[in-house]
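Computed from heavy atoms alone, side chains included, the values below leave out hydrogens, waters and symmetry copies. Small disclaimer: the values here were computed from a predicted structure and weren't measured.
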Amino acid sequence: MHKVNYSKVINTVLNPNPQMPCTELYKGPRSEVYRVDTPEPSVVRFAHGDKDHFKFQAELMEAIGASDEITPRILYWEMKETAKHSHGIQVQTYLPGARLDHYPSLKESKSIVKAVYTIHERLCDVSNKFGLKTCTTADEVLRSYFSKVDDCP
């Protein structure tokens with residue numbers, strides 16, 4: 001397996017490098033997401049937030065991650081402080097696919113529902129690990145992610 005220098009991957013987004021081309025996937029008011037063409041493509045996400053939020057998100061994504069490519073794995077994360085904000089930077093696995101720019105077909109709808117149900121089940125399974133009392137808390141985590149759907153890819 002190829003050892004990846006995550007600082008270099010992040011830096012290629014800030015300072016383009018033809019050795020590792022990057023493509024903007026999303027740019028919104030609270031986050032920016034880029035695909036970086038490393039030997040195994042990865043995603044670099046910049047977002048506003050605090051350290052506890054990003055630490056929790058990394059641990060949660062690791063706990064619910066599996067080889068079925070429903071959720072990305074957070075490979076590396078760090079915090080950068082500026083005068084105005086704390087910025088979380090994450091390097092994640094790249095999940096192939098395309099954004100939906102149309103009303104989902106029956107097949108796509110079934111696939112989406114199955115993926116959401118699988119994520120819900122995984123959140124319920126790991127809720128004790130994170131000190132979450134019930135699956136209701138897992139539902140709140142899911143709702144929190146869905147409430148941000150207008151600002152994420």
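- Trp77 contributes atom CH2, which lies 8.0 Å from atom CD of Glu59 (distance to the nearest 0.5 angstrom).
- Contact record, Pro18 with Pro21: O-CD, 3.6 Å, taken as the closest heavy-atom pair.
- Considering all non-hydrogen atoms of both residues, Val13 and Val36 come closest at CG2-CG2, 3.7 Å.
- Here the closest heavy-atom approach between residue Tyr94 and residue Pro41 is recorded as CB-O, 3.2 Å.
- In this structure, Tyr6 and Tyr76 have parallel ring planes: the angle between them is below the 30° cut-off, well short of the 60° mark.
- Note that the CZ atom of Arg45 and the OH atom of Tyr34 stand 12.5 Å from one another [nearest 0.5 Å].
- Here the rule is side-chain contact (heavy atoms from CB on, under 4.5 Å) with Ser7, and of Ile10, Asn5, Val4, Asn11 only Asn5 fits it.
- Annotation: side chain of Glu62 is in contact with side chain of Arg73 (closest heavy-atom distance under 4.5 Å).
- With rounding to the nearest 0.5 Å, the separation of OG in Ser105 from NZ in Lys110 is 10.0 Å.
- A 4.5 Å side-chain heavy-atom check between Leu14 and Phe46 finds at least one atom pair inside the cut-off.
- Panel note: side chain Thr118, backbone Lys114; a donor-acceptor pair is recorded below 3.5 Å.
- Across all their heavy atoms, Thr93 and Val43 have their closest contact at O-CG2, 4.1 Å.
- From Leu75, atom CG reaches atom CD of Gln90 across 10.0 Å, with rounding to the nearest 0.5 Å.
- Distance CZ/Arg122 to CD1/Ile70: 5.0 Å, rounded to 0.5 Å.
- One finds the CG atom of Leu60 at 10.0 Å from the NE2 atom of His53 (value rounded to the nearest 0.5 Å).
- The hydrophobic clustering, which links ILVMFWY residues whose side-chain heavy atoms are closer than 4.5 Å, places Leu95 and Val91 apart.
- Using a 4.5 Å heavy-atom cutoff, the side chains of Met20 and Asp37 are not in contact.
- Inter-residue side-chain proximity for Cys22 and Val44 is flagged as unmet; no heavy-atom pair is nearer than 4.5 Å.
- Across all their heavy atoms, Pro72 and Met61 have their closest contact at O-CE, 3.3 Å.
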